[in-house]
Amino acid sequence: MVDLLEKHRAIADRFQRMIDMGVNALGVTNDQMISPTRAIVGNREIILAGTNNYMGITFEPSVIAAGKKALDEFGTGTTGSRIANGSFAMHKELERSLAKFLGLKHCIVFTTGYQANLGMLSGLAGPKDTIYLDADSHSSIYDGCTLSGAKLVRFRHNDAADLDKRMARDDTGGGRLVVLEGIYSMLGDRAPLADFVALKKKHDFQLLVDDAHSFGVLGPNGRGLGDEAGLEDGVDFVIGTFSKSIGAIGGFGAGNHPLFDTLRYAMRPYMFTASASPASVATSIAALEVLAKEPERRQRLWDNSQRLFDGLRALGLETGTDVVSPVIAVKMPDELTTIAKWNALFESGVYVNMAVPPGTPNRLCLLRCSVSAAHSFDDIDRIIEIFKKVVAN
Amino acid sequence: MTEAEIIPIICDLLGPYNLEGKLLAAETDIPAELNIDSVGVLDFIMEVEDHFDIEIPMNVVSETRTVIDLARYVAAQKNKA
């Protein structure tokens, strides 16, 4: 008998090496959450600097109240898909609220952000089409592209000239979809949207931006990359998640295309899974209201990001991008050093993400920080101090 | 172009990815024998695409494991025109 799990032996060995060096960086258990930026792990209080909780909204009283009310009035779960069981009124309310926030006509809500990418990409493109995806795309984009059955062409990261070259080589016909991300999750850099939108004058294609890390974060209205660049009209489809700036769980796809809602009957990851739970939908609606009413949260996020970025660079650390971003990745020389430094950071009271190949671009090893509007300047200074003590020494 | 002409070029392009200095041959299984992870394979394929000025869709990559598999695909694309 061929043991099916034996093919994962190398992963198990690699994981064991990490465990042998200290704490399991990929499986930290928060025993208690004190705030959006503080947890108790074991018997120690840890500053959280790797949660993607950009708006620090997870303990907002109005949002929590909305979740409790939904639990009382609609129960714990939906127990089925919207196609089979129907929608709850709040699913539609959330879709209307998001469409309004984004200034778009149509929005479809998914149960997770991962499923939003699987659903949108496989719904938009089919076997006769071609998807052009950035080389540094998130795994959910790769998986969505694979599910579509489309021809998949990968272009060099953030390189519109490279995309231009690859589109010029294409001779297969069919629809063409270009996929970008607002903020790339590992290095924190963002797509040069103007360069890609300009290519629309030369090649026929539709453009999709995954704003998972940039929804609520970029632009004067927090709508994402298109909002920041003043190029929303050049973006045909937007994808986002509720697990970051919204502080819940779920995802969405949105656009202005008159056939957009037809996607509901063409996306397997939408049709064949239970719809989002009442508490998650209600907290998403409430959080979206907070985001719209409190733009100062976005300003606090950027002030904190600037402070951490400047502080870490002043220590001589190399960051993933030269532009300030709420994702600040510190480059490490190799995997063993990354594990050792991660453990030292954690022991000193700060949690960041450990990121190693193949989950990173260019085989980089990273200590990845994500900043929150809920961090105080004292928190940021403490994070910098700990990096100075254990990483920059 | 023939497969025989393409194979040494592919081997040259594999150089930066052959971190363990394995001996390269037509039958070398690129990801397995050279211990290149999935992203590394895709990065290498980009180098091949640019060198030969052809497109190798990701869908094809999983079916072209060896140097000779890849050389056959490149030859077919180059000789298509």
Side-chain angles (χ1 to χ4, degrees), chain A residues 7 9-11 13-14 121 125-139 141-157 159 161-172 174 176 179 184 186 334-335 355-365, chain B residues 1 6 9-22 24 28-67 69-81:
Chain A
K7 59 179 167 290
R9 176 71 61 192
I11 295 174
D13 292 345
R14 187 181 177 196
L121 292 163
K128 293 180 180 174
D129 304 317
T130 302
I131 302 178
Y132 295 84
L133 67 160
D134 187 285
D136 286 6
S137 291
H138 189 265
S139 287
I141 292 176
Y142 278 95
D143 292 351
C145 289
T146 301
L147 186 62
S148 76
K151 178 180 158 187
L152 306 180
V153 177
R154 190 171 174 257
F155 61 89
R156 292 188 190 278
H157 177 54
D159 191 338
D162 190 66
L163 174 62
D164 180 18
K165 181 176 70 183
R166 290 169 196 281
M167 288 194 137
R169 284 176 188 155
D170 180 61
D171 59 358
T172 53
R176 302 204 286 188
V179 183
Y184 286 87
M186 283 295 112
D334 54 61
E335 186 166 318
V356 294
T360 54
N362 306 318
R363 298 196 58 76
L364 287 169
C365 292
Chain B
M1 282 186 96
I6 292 166
I9 298 172
I10 289 176
C11 290
D12 280 348
L13 293 171
L14 266 174
Y17 300 88
N18 184 12
L19 299 177
E20 295 167 13
K22 295 272 177 67
L24 300 175
T28 299
D29 185 316
I30 295 168
E33 291 184 47
L34 304 189
N35 198 22
I36 306 177
D37 64 36
S38 53
V39 177
V41 169
L42 293 174
D43 289 344
F44 158 66
I45 291 293
M46 270 186 159
E47 300 297 335
V48 177
E49 289 176 315
D50 285 349
H51 183 89
F52 292 103
D53 193 26
I54 60 167
E55 211 62 76
I56 307 175
M58 283 173 55
N59 325 52
V60 172
V61 174
S62 59
E63 296 160 13
T64 50
R65 293 191 64 89
T66 64
V67 170
D69 288 341
L70 188 53
R72 282 193 194 112
Y73 186 84
V74 171
Q77 296 301 305
K78 292 300 289 179
N79 298 330
K80 201 166 63 173

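Here is how names work: the chains are called A, B, and so on, in the same order as the sequence lines, proteins then strands, and each is numbered from 1. Heavy atoms only: backbone and side chains are in, while hydrogens, waters and symmetry mates are out.
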Heavy-atom side-chain proximity of B/Asp53 to A/Arg169 below 4.5 angstrom: yes
A/Tyr142 side chain near B/Leu42 side chain, heavy-atom distance below 4.5 Å: yes
So for B/Ile45, is it side chain, backbone, both, or neither that comes closer than 4.5 Å to the heavy atoms of chain A? neither
Could you check if a side-chain atom of A/Leu152 sits within less than 4.5 angstrom of a side-chain atom of B/Pro57, using non-hydrogen atoms only? no
Any donor-acceptor N/O pair, B/Asn59 side chain to A/Ala150 backbone, under 3.5 Å: yes
Holding to side chain to side chain donor-acceptor pair (under 3.5 Å), I want the full list of residues that pass it with A/Arg166, two or more places apart in sequence or in another chain. A/Asp162, B/Glu49, B/Asp50, B/Glu55
For the side chain of A/Arg154 and the backbone of B/Met58, is there at least one donor-acceptor N/O pair under 3.5 Å apart? no
For the NZ atom on A/Lys128, are there more than 12 heavy atoms of other groups (residues, nucleotides or ligands in this structure) within a distance under 6.0 Å? no
In this structure, CG of B/Leu19 is separated from CZ of A/Arg363 (nearest 0.5 Å) by 7.0 Å
